[in-house]
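A quick write-up on the structure given underneath.
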Amino acid sequence: MLIDRLADDLQPVRSVGPRLGRGTLLWLTLSAVYVAVMTALIGPLRPGAMEQLVTHPRFLAECLAGVLAIAVLARVGFRSAIPGALSRRALAIAAGLTLLWLLNYVVGFVSPALEPSMLGKRPHCYLETLVLGLPPALAAVYWQHKLFPLRPLLSAALIGLAAGLLPALYMQIACMYAPGHILMWHILPGVLVACLAPLALVPGLLRRG
Amino acid sequence: MSSAQAGNEADYRQLLSELSTVVNRYLVSRFGGYEFTEDCVQEVLIAVHEARHTYDPRKQFRPWLFAIVRHKTIDAIRRQKARENQQAQHCLAEEPSVSDASLYAEVSGGRLIAALSPAHREAITLTKILGYTAAEAASRLEISESAMKVRIHRAIARLRKLMEKEAL
């Protein structure tokens, strides 16, 4: 009988619930460090970018909005891999914060946070964003797989978005500042990571038939 | 569940037995007592077993459990293949004159099935409960096969929404 079989198979387990917040924070920190180190290794940051964070409060607010949106997306992404842990409200808040952050760049076409300039332009910023976003995304999808995602494709896409937007946000400091360039060459490749992350599940889905 | 997470086999056995009854009642009251409810209960128990490390003892058990139940139920309905269903065969071969209305009245016992629109209810009842293929069901209702597939898809989406609404 199934119940007997499952009871016989019982092994003590540690609940991941209380550790999920710490795990998310660890993933975010490691991913941010990885992105910062790799970006610095590939090329220099935009000259004066750090000073601009202090001297231009709106630029700082734009960056902080990005950090907040990514942190909430990561939280939602990992919670979506636990049955019943993700509410529609939390999903709506994550979507709202992300859109609010991106809206800054749209507003930037009329009133930019910084004077648009080609200073610090990296030749392959779109490729860097894409490539740097993938390893954190794959690590996160692997961790999600260890939880119990009821909708694995959605969970992978959510965490992929957080992972892809992380280097996209860092390019704000590392690459040139111009709203059009940011949306096209930083944000778009970041969003592409969200589309690619669910592909990591394909081998497993094929194995299950 | 907390006790089961700690490895207490007796408590776990009791929990699974109780869950089996609770989930079975839940499914029968909402979808009627069909073969798929038994399969569904088993799938829920297996999922509970595999997901037990994700339950947070500081939180309520019910939302965690019913998220699994809802997902497994919709999954089971979606995967329910047209098969050589005895009831369908019986209706086709032995009682060709049986009316659709009496057929649906006989099988559509669950309240979620009853809450669907007539077109969606027909689609789900014929394909997922009685076991007709989409083509057979389409020909019975005199619509195209693609229209039937759209109806089935929408009916399943509606069932998911109804179940989520119930959980709120």
Side-chain angles (χ1 to χ4, degrees), chain A residues 1-25 27 75-92 140-156 158-159 201 204-209, chain B residues 1-21 23-24 38-75 78-79 160-161 163-165 167-168:
Chain A
M1 196 180 167
L2 179 68
I3 292 177
D4 292 327
R5 199 157 52 79
L6 295 177
D8 290 343
D9 183 48
L10 183 69
Q11 300 289 332
V13 287
R14 261 183 88 193
S15 170
V16 290
R19 292 177 288 139
L20 194 69
R22 265 177 290 158
T24 305
L25 196 62
W27 176 82
R75 184 172 185 271
V76 160
F78 283 119
R79 287 185 76 81
S80 72
I82 290 192
L86 179 64
S87 64
R88 274 174 191 271
R89 197 164 146 252
L91 202 57
V141 170
Y142 177 75
W143 189 33
Q144 278 182 336
H145 190 65
K146 298 265 172 203
L147 302 173
F148 197 80
L150 292 173
R151 298 167 86 173
L153 295 181
L154 174 72
S155 296
L158 281 170
I159 206 65
L201 301 168
L205 292 174
L206 287 177
R207 261 201 309 275
R208 274 196 291 172
Chain B
M1 191 64 184
S2 309
S3 173
Q5 284 179 327
N8 189 321
E9 202 180 307
D11 285 355
Y12 189 51
R13 203 179 292 271
Q14 189 187 341
L15 173 75
L16 291 179
S17 303
E18 285 172 12
L19 286 185
S20 171
T21 311
V23 174
N24 191 49
E38 286 172 27
D39 297 343
C40 212
V41 170
Q42 295 206 350
E43 284 195 28
V44 167
L45 293 184
I46 292 169
V48 164
H49 182 73
E50 287 173 353
R52 67 191 190 280
H53 65 295
T54 65
Y55 169 66
D56 187 345
R58 299 169 306 175
K59 303 209 168 132
Q60 286 187 337
F61 180 63
R62 202 181 153 82
W64 180 85
L65 171 69
F66 278 92
I68 293 175
V69 172
R70 279 195 303 276
H71 177 79
K72 288 293 166 191
T73 307
I74 293 298
D75 216 25
R78 193 174 283 139
R79 281 188 289 109
R160 180 194 286 274
K161 276 195 181 151
M163 289 175 88
E164 282 172 0
K165 206 169 157 189
L168 293 175

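Letters A, B, ... are given to chains in the order of the sequence lines, protein chains preceding strands, and every chain is numbered from 1.
With a 4.5 angstrom heavy-atom cutoff, B:I46 touches chain A via backbone and side-chain atoms both. Neither the backbone nor the side chain of B:D75 comes within less than 4.5 Å of any heavy atom in chain A. With a threshold of 4.5 angstrom between heavy atoms, B:Q60 does not approach chain A through any atom at all. Proximity to chain A involves both the backbone and the side chain of B:A47, based on heavy atoms less than 4.5 angstrom apart. For chain A, the nearby part of B:Y55 is the backbone; its heavy atoms alone come within less than 4.5 Å. Neither the backbone nor the side chain of B:S2 comes within contact range of chain A; no heavy atoms are under 4.5 Å apart.
When all heavy atoms of A:R79 and B:K59 are compared, the closest pair comes out as NH2-NZ, 3.3 Å. Pairing each heavy atom of A:P12 with each of B:A6, the nearest pair is CB-O, 3.7 Å. The two residues B:I68 and A:P83 make their nearest non-hydrogen contact at CG1-CB, 3.7 Å. Taking each heavy atom of A:R88 and B:E164 in turn, the nearest pair found is NH2-OE1, 2.5 Å. Nearest heavy-atom pair, A:D9 versus B:H49, reported as atom, atom and distance to 0.1 Å: OD2-NE2, 2.7 Å.
If you take CD1 on A:I82 and CH2 on B:W64, they are separated by 10.5 Å, rounding to the nearest 0.5 Å. Distance CZ/B:R52 to CD/A:Q11: 7.5 Å, rounded to 0.5 Å. A distance of 8.0 Å separates CG of A:L2 from CG of B:L16, quoted to the nearest 0.5 Å. The structure places OG of A:S15 at 7.5 Å from CZ of B:R58, a figure rounded to the nearest 0.5 Å.
Proximity of a side-chain donor or acceptor of B:H71 to a complementary backbone N or O of A:L150 within less than 3.5 Å is detected. Remark: the backbone N or O of A:F148 is not paired with any side-chain donor or acceptor of B:T54 at under 3.5 angstrom.
By the 6.0 Å contact criterion, CZ on B:R62 is open, its count of non-hydrogen atoms from other residues, nucleotides or ligands being 12 or less.
Judged as a salt bridge (Lys or Arg N to Asp or Glu O under 4.0 Å), the pairs with a partner in residues 9-21 of chain B (not counting sequence neighbours) are, in order, A:D4-B:R13, A:D8-B:R13, B:E9-B:R13.
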